[in-house]
**Student:** 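After the structure tokens below, expect a handful of questions from me.
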Amino acid sequence: MLIPIRCFTCGTLVADKWDEYLKLKEQDTPPEEIFKRLDLERFCCRRMLIAHVDLIDDVLKFSRQQ
Amino acid sequence: MKVNILTRTDKRMSFVVDGIDVETANALRRIMLTEVPAMAIHEVLFIENSTPLYDEIIAHRLGLIPLTSDLDSYVLSEQCKCEGAGCERCQVGIQCSVAAKDANRNVYTSDLVSLDPKIRPVSDKIMITKMSKGSKLLFEAYARLGLGKDHAKYQAATKATYKYYPEITINQAALKDYEYKGDNENDPLVTMCPRNVLKWEKNELVVTDLMRCNLCGTCMRGLETPKGAVVVKAVPGKFIFFLESSGSMPPDRIMREGIKIFQEKVGRFGDLVKELIEKQGRAG
């Protein structure tokens, strides 16, 4: 759905790096360089961004009516 | 116990602790990881929520947001005079009121309003949820101090590790028959080390960065190494610690708090033992 707030394994904050990650990826920055700039040094935090599928935009079309 | 700081940034630091044994080093590591208090949202009251995410999911996301923690003006709610009811010494209110009027809108941590400016989210760019046009989000949340052993959201440190302090002795006399071809990049003694610690300098094998050595001992046991030329040993009672903060407080504060809590615990244990001995003395 949405990018998780913290890394599942170590608890490092990853949610604030998602927009920056997408931007750097769009510019074809090498993966090593992306994570260096985002200051994510362990692979547990890196996989949080790599493996994430952002589905919220699809769900957003079917908003709950109250 | 002597502490010497090696490197320090606002998020990470490494330091050497001298004069402790492995048990003490591990106790210090565990205390820094799980017993240094940090702020986190623990209760959320939803007044209105018509976003695509359920109340529970939003509450869970809010709980995980790291908050800057002020250990000087707040106490753990269990130790507070209000007995956990929630007062201004142990609890902070955080409010949020967002409405997507004309277009879809994202809710970020910058939309949260804390009643105490010292307690605020570590980053303003954490997305809490997305909202479609016409939906509303209105809630009131309460943050308090907690311990990492109760929930990972209260962890002040995201990484706390240690390793033995290495000591590399190079016997230049034993290297006399070793043929160094003047090429550091292809020399087997240099390339053998996975951490690039060794280097030739003016026909002498030297250590470039001792802190990088992970005591694997490949250089000691290597087929190309002349017998007794390189000896890698761990210095007894000396450890290098690595600490990373979640952002709630600077890493050196976590270290200081960790050592303080450790001393308190040891003191309390000593008192209990004394009490026990006195009791047994009276009975016997």
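Chain identifiers are assigned alphabetically (A, B, ...) following the order of the sequence lines, protein sequences preceding nucleic acid strands; residue numbering begins at 1 within each chain.
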**Student:** With a 4.5 angstrom heavy-atom cut-off, which part of B/Asn104 approaches chain A: side chain, backbone, both or neither?
**Tutor:**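 For B/Asn104, the side chain is the part near chain A, not the backbone.
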
**Student:** Go through the atoms of B/Lys136 and report whether side chain, backbone, both or neither lie under 4.5 Å from a heavy atom of chain A.
**Tutor:** neither

**Student:** Between B/Ser246 and A/Arg6, which heavy-atom pair has the shortest distance, and what is it?
**Tutor:**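 Heavy-atom minimum between the residues: CB-NH1, 4.5 Å.
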
**Student:** Should we say atom NZ of B/Lys125 is surrounded by more than 12 heavy atoms from elsewhere, each under 6.0 Å from it?
**Tutor:** no

**Student:** Kindly check if the number of other-residue, nucleotide or ligand heavy atoms within 6.0 Å of CZ (B/Arg30) is above 12?
**Tutor:**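 Counting neighbours around CZ of B/Arg30, 12 or fewer heavy atoms of other residues, nucleotides or ligands fall under 6.0 Å, so no.
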
**Student:** Identify, with sequence neighbours excluded, every residue that meets ring pair (Phe, Tyr, Trp, His ring centres under 6.0 Å) alongside B/Tyr162.
**Tutor:** B/Phe239, B/Phe241

**Student:** Once you round to the nearest 0.5 Å, how far does NZ of B/Lys130 lie from CG of A/Leu2?
**Tutor:** 7.0 Å

**Student:** More than 12 foreign heavy atoms under 6.0 Å from CD of A/Gln27: is that the case here?
**Tutor:**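 Correct, the count exceeds 12.
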
**Student:** Can you tell me if B/Arg120 has over 12 outside heavy atoms packed within less than 6.0 Å of its CZ?
**Tutor:**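 For B/Arg120, atom CZ is not crowded (no more than 12 foreign heavy atoms under 6.0 Å).
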
**Student:** So, using ring pair (Phe, Tyr, Trp, His ring centres under 6.0 Å) as the criterion, who are the partners of B/Tyr142 when residues are at least two apart?
**Tutor:**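 Here no residue qualifies.
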
**Student:** Who in residues 8-20 of chain A is close to chain B, using a strict under-4.5 Å heavy-atom cut-off?
**Tutor:**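 Within residues 8-20 of chain A, the residues that come under 4.5 Å of chain B (heavy atoms only) are A/Cys10, A/Gly11, A/Thr12, A/Leu13, A/Ala15, A/Asp16, A/Asp19.
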
**Student:** What do you reckon, is CD of A/Glu32 surrounded by more than 12 foreign heavy atoms closer than 6.0 Å?
**Tutor:** no

**Student:** Is the shortest heavy-atom distance from the side chain of A/Met1 to the side chain of B/Ile57 under 4.5 Å?
**Tutor:**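 The answer is no; the side chains never approach within 4.5 Å.
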
**Student:** Using a heavy-atom distance cut-off of less than 4.5 Å, which residues of residues 34-56 of chain A contact chain B?
**Tutor:**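 Within residues 34-56 of chain A, the residues that come under 4.5 Å of chain B (heavy atoms only) are A/Asp39, A/Glu41, A/Arg42, A/Asp54, A/Ile56.
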
**Student:** With a cut-off of 6.0 Å (strictly less than), are more than 12 heavy atoms of other residues, nucleotides or ligands near CZ of B/Phe46?
**Tutor:**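 For B/Phe46, atom CZ is crowded (more than 12 foreign heavy atoms under 6.0 Å).
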
**Student:** In terms of heavy-atom pairs under 4.5 Å with chain A, which of B/Pro66, B/Ala152, B/Ser123 leads?
**Tutor:**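 Going by pairs under 4.5 Å, I would pick B/Pro66.
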
